[in-house]
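Working notes, structure below.
Quick note on labels: first sequence line is chain A, next is B, and so on, each numbered from 1. No experiment lies behind these values; they were computed from the predicted model shown.
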Amino acid sequence: MERDLVIIGGGPAGLAAAIEAKEKGIDDILIIERDKSLGGILNQCIHNGFGLHIFGEQLTGPEYADRFIKKALDLGIEYCLNTMVLNMSKDKTITVLNEKEGLFNIKAKAIICAMGCRERTRGALNIPGTRPSGVFTAGAAQRFINMEGYNVGKEVVILGSGDIGLIMARRMTLEGSKVKMVLEIMPYSTGLKRNIVQCLDDFDIPLKFNYTVVKIHGRERLEGVTIAKVDENRKPIAETFEYVKCDTLLLSVGLIPENELSREAGVEIDRVTSGPIVTEAMQTSIDGIFACGNVVHVHDLVDFVTMESRLAGRMAAKYIKGQLKKDEEVINTKGIDGIRYVVPHKINPENVEDNVNFFMRVDNVYKNVIIYAEHDGQVIYKAKKSMVSPGEMESIKIKKDVFQNIKSGEIKFGLRRA
Amino acid sequence: MEERNLTCINCPMGCSLKVKIYDDKIEVEGNICSRGREYAENEVTNPKRTVTSTMKVIGGERSVVSVKTSGEIPKKNIFDLMKIINDKSVNAPVKIGDVLIEDVFGVNVVATSNVDKL
């Protein structure tokens, strides 16, 4: 089978990219989704707060997804569900498997990777102890409760103060479970402030910083966990060990972009984000393979995923029409002095639309700082921030005309004291 | 006079607010902008929340449908509302926007996802 544009993943990133590419004149599009419906993880995020930037109103996850699903269907974009991509190769051929058609290949003119991310599990943390039931990632528990209609436990400890963990603390409390505490190994939360207040403070759930779980107890079902305070090197302090009785442990300890397919194709990966190195056009290191959304870097807000994915869709459309300039001479970007990473990684000024939206994360909590961008010793952007935190992604817009005088070299993004 | 400590949620700053509640006035300290004051005043006089949950579905391709309140309800009524939602069920199909419970604590409970018939 041959296709102009194949999009791997039918979540918010894949849907927004598909719609944009279609509107820019690409008719032959196929979205491949492994789940039984479009919409991705938004379908289980039944809380509200989505869409403030894109729609100017607060929607729940399923409502946000539905707006894009409806649009995609109205535009007649083709999709297949319950279908898994097993392999992607450099020449943009993908190997696909589903129940109806079996195993087959699709050769595409362009591919957009929109596979999203997955949760870190107990295995990634190496928590010692037995292996009883009752240990879930927060997202797995969210799916059980919100989509399958099963609550997963009565007495709950949550490890990690990421947004999904906070949201689940409230969700399980509403359904009658007792959430005893949320433990965070860092001295700050990676979750949004709004969620700490409305999910924990509202229900008097304690959030303990510099704490972790050091042991899991119980044979069939979880019976309790041993918690401990950690020192400045994040090592547990023996004198602080404490047994906490619980039947459920939720893990909200980080998300990892899902790039097995990208790696097999030979796409260059950023070691900090665990996502592809991308250009101003969201193109990866392989010509014609694009990427957007959480597969590139984990976002806090779906609105930003949508914006980034629309760009990927537009640029993939340009590529298919032969209008995207090749990156012969590019500007590299780099985070220094408190900035952990910057996306996109490379800029070809010729392809820049009105501006470039740079997304970045800081490595710690800082107050009263200036975020700046410099090229060859010259400051090309600066903005004052009263506070930055690793939990809140920073976004910086640099106008096209700034790139008139810059054609190569490196733009460094950093923080300094205001 | 009653004193309460709150965290402002309007921006990432998350100002720690100290609110002093007198009989005739409310004093807010610790805010760096006016939104902090407004937030604190609402929180101590009449805190409200939008509630999202799920409701049981009969004869659907899924056993539950996600729901939300059409507006904010008083925070003190959240668990009362949860009981009402959990005592109810709805027959499939359900469409986004369908009103599933009418006029409860001043709002409706509406569906936020679609569940087709099995």
- Task: Please lay out, stage by stage, how E175(A) and M82(B) fare under the test side-chain contact (heavy atoms from CB on, under 4.5 Å).
- Result: CA-CA 8 Å; E175(A) 291 296 355; M82(B) 280 303 296; 3.6 Å; yes
- Task: Looking only at non-hydrogen atoms, find the nearest pair between Y39(B) and V197(A) and report the distance.
- Result: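 What the structure gives for the nearest pair is OH-CG1, 3.5 Å.
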- Of all heavy-atom pairs between I46(A) and S53(B), which one has the smallest distance, and what is that distance?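 In this case the closest contact between I46(A) and S53(B) is CD1-O, 3.3 Å.
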As an exercise, state the distance from [atom1] of [X] to [atom2] of [Y], rounded to the nearest 0.5 Å.
X       : Y       : atom1 : atom2 : answer
R49(B)  : D202(A) : CZ    : CG    : 4.0 Å
R170(A) : I78(B)  : CZ    : CD1   : 8.5 Å
D201(A) : E43(B)  : CG    : CD    : 10.0 Å
S37(A)  : R62(B)  : OG    : CZ    : 7.0 Å
N48(A)  : T50(B)  : CG    : OG1   : 5.0 Å

Check the surroundings of atom [atom1] in [X]: do more than 12 heavy atoms from other residues, nucleotides or ligands lie under 6.0 Å from it?
X       : atom1 : value
D23(B)  : CG    : no
F144(A) : CZ    : no
E102(B) : CD    : no
E99(A)  : CD    : no

- Item | CA sep, side-chain torsions, deciding dist, call: I196(A), T7(B), side-chain contact (heavy atoms from CB on, under 4.5 Å) | CA-CA 9 Å; I196(A) 293 174; T7(B) 309; over 6 Å; no
- Tell me, side chain or backbone of F203(A) under 4.5 Å from chain B's heavy atoms, or both, or neither? side chain
- Query: Checking heavy atoms, do the side chain of S386(A), its backbone, both or neither come under 4.5 Å from chain B?
  - Reply: both
- Message: Between Y150(A) and V64(B), is there a side-chain heavy-atom distance shorter than 4.5 Å?
- Response: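 When only atoms from C-beta onward are counted, Y150(A) and V64(B) do not touch, as no gap falls below 4.5 Å.
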- Query: Should K193(A) and C8(B) count as side-chain neighbours, where that means a heavy-atom distance under 4.5 Å?
  - Reply: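 Not touching, per the 4.5 Å side-chain cut-off.
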- Task: Tell me yes or no: between the side chains of T54(B) and R171(A), is some donor less than 3.5 Å from an acceptor?
- Result: yes
- Message: Report which part of K75(B) has an atom under 4.5 Å of a heavy atom belonging to chain A: side chain, backbone, both, or neither.
- Response: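 For K75(B), side-chain heavy atoms alone lie under 4.5 Å from chain A.
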- Query: Which region of L81(B), side chain (C-beta onward) or backbone (N, CA, C, O), has a non-hydrogen atom less than 4.5 Å from a non-hydrogen atom of chain A, or is it both or neither?
  - Reply: neither
- side-chain contact (heavy atoms from CB on, under 4.5 Å) with T52(B): which of T60(A), I167(A), L174(A)?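 Per the side-chain contact (heavy atoms from CB on, under 4.5 Å) rule, the option paired with T52(B) is T60(A), out of T60(A), I167(A), L174(A).
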- Can I9(B) and Q198(A) be said to form a side-chain contact (heavy atoms from CB on, under 4.5 Å), step by step? CA-CA 9 Å; I9(B) 62 162; Q198(A) 297 198 342; 3.5 Å; yes
- Query: Out of H47(A), Q58(A), Q44(A), which one racks up the most heavy-atom pairs below 4.5 Å with chain B?
  - Reply: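 The option with the most such pairs is H47(A).
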Please list, one pair per line, the donor and acceptor atoms closer than 3.5 Å that link side chains of residues 27-38 of chain B to other protein atoms, with sequence neighbours excluded.
from, atom 1, to, atom 2, distance (Å)
E27(B), OE2, K25(B), NZ, 3.2
E29(B), OE2, K20(B), NZ, 3.3
N31(B), ND2, C33(B), O, 3.0

